[in-house]
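Ligands are counted one by one from 1 in listed order, and the atoms in each one are counted from 1 as well. As the structure is a computational prediction, the values presented were derived from the model and not from experiment.
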Amino acid sequence: MLKVSAPGKIILSGEHAVVYGKPALLASVDRRIVVSFGNSDNFSEGQDFIYKAVNLLRKNLQVKDVNSSLKIVSDIPVGSGMGSSAALSVALSALFYKKYKKVWDLNLINDMAYQIERIQHGNPSGGDNTVSCFGGFLWFRKKSKRKMLFTQVKPTKKLPKIIIIQSGKPRETTREMVAQIRDFYVHHRREVEKIFNNLESVTKGFLKCLDADFSDISILINENEHLLEALGVVSDKTRFLIRKIKKLGGAAKVSGAGGIKDGSGILIAYHKEPEKLFLFAKSNKLDSFSVILGGKGVKIE
Ligand code: PMV
């Protein structure tokens, strides 16, 4: 039976700024969504989204078969900045291309996944679906609505252990957070451009870090978080958690669109003694787990 899987992702640096043409550095994670034709389990990504995605695929790939129900199994947290909807878009696109067109072409799969992402997010950068499709570490830049430039980057050193801490599912959607930044940008263009320029420097710092020594990673994570706070995408509750992590000698940042009314989605956190982060998460009743970065993109299982 044909089964396709695609990974979730984290954004090391560049979220939001990437929508405005700045670079972002993303990495796939070792959590995946698996889709096949068959009866669905309880999968919590919106049914409405799945319905619209399948309709788009049927229309664009001229699929006549209307009886195909889907089985979707995933261990990527939903709606928390870990790229669950992008992984689903990529996996569905690949499944349909493979089954109905007998084609396995990552560029075609990714283009279609981007169109599906647009149903969900309006005007996404395309970074999430691209890293889920190609896997690894991705240096990504959106040039225009149609043109995206990206290259895979291979770290030359062993990466430090990154821990994911769930600060709480945001009440806002990515679409709403992106719209909020648009509003901020329209009204305070110079201020926002300054933040984006600083974010670009931090993103370049992360890129260097993949090739060199990781002693700077805490500094970069802290700087990135500071800039995301200045953009206004981090809730008070999350700021408070991040301050506590810093006091413990660690560093943490929001990864993804963020959230301001309640949780801000997943945090990527680093500590030279990772157990301290797990203990912290446990005592604050927050989910936490470690991730392996840079694994394979979409594949047939
Ligand atoms: O959907 P999320 O939480 O992974 O956020 C995506 C990252 C943004 O830069 C905020 C939006 C985008 O399209 O790149």
Ligand 1-proximal atoms of Asn123, by part, heavy-atom distance under 4.0 Å
neither

Among all protein heavy atoms, pick out the one at the shortest distance from atom 5 (O) of ligand 1; state its residue, atom name and that distance to 0.1 Å.
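Here the closest protein heavy atom is Ala257 N, 3.2 Å.
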
Among all protein heavy atoms, pick out the one at the shortest distance from atom 6 (C) of ligand 1; state its residue, atom name and that distance to 0.1 Å.
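Ranking protein heavy atoms by distance from atom 6 (C) of ligand 1, first comes Asp128 OD2, 3.8 Å.
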
Test item: side-chain donor near acceptor, [X] and [Y], under 3.5 Å:
X      : Y      : result
Ser13  : Asn224 : yes
Tyr185 : Glu193 : yes
Lys9   : Asn129 : no
Ser5   : Glu301 : yes

I'd like to check whether [X] has a polar contact with ligand 1, where a contact means an N/O of the residue lying under 3.5 Å from an N/O of the ligand.
X      : answer
His16  : yes
Ser125 : yes
Ser255 : no
Thr174 : yes
Gly256 : no

In terms of side-chain geometry, is the basic nitrogen of Glu200 or Arg141 positioned less than 4.0 Å from the acidic oxygen of its partner?
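Result for this pair is yes, salt bridge flagged.
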
Distance filter under 4.0 Å to [X] heavy atoms, resulting ligand 1 atoms:
X      : value
Glu15  : 9 (O)
Pro124 : 13 (O)
Ile11  : 7 (C)
Val18  : 9 (O), 14 (O)

So, 4.0 Å and heavy atoms of Lys9: is ligand 1 close enough to count as a contact?
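Under 4.0 Å: yes for Lys9.
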
If you count every heavy atom of other residues, nucleotides or ligands that lies below 6.0 Å from Glu275 atom CD, does the total exceed 12?
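Yes - once you tally the heavy atoms of other residues, nucleotides and ligands closer than 6.0 Å, there are more than 12.
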
What's the shortest heavy-atom distance between Tyr20 and Arg182, and which atoms?
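So the minimum-distance heavy-atom pair works out to OH-CA, 3.2 Å.
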
Given Phe150, which partner from the list Phe134, Trp139, Phe137 fulfils the ring-ring contact (aromatic ring centres under 6.0 Å, His included) test?
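Option passing the ring-ring contact (aromatic ring centres under 6.0 Å, His included) with Phe150: Phe134.
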
Here's one to test your reading of the geometry: is the NZ or CZ of Arg189 within 45 degrees of the ring axis of Phe184 and under 6.0 Å from its centre?
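Relative to the ring axis of Phe184, which defines the angle, Arg189 lies outside at least one limit.
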
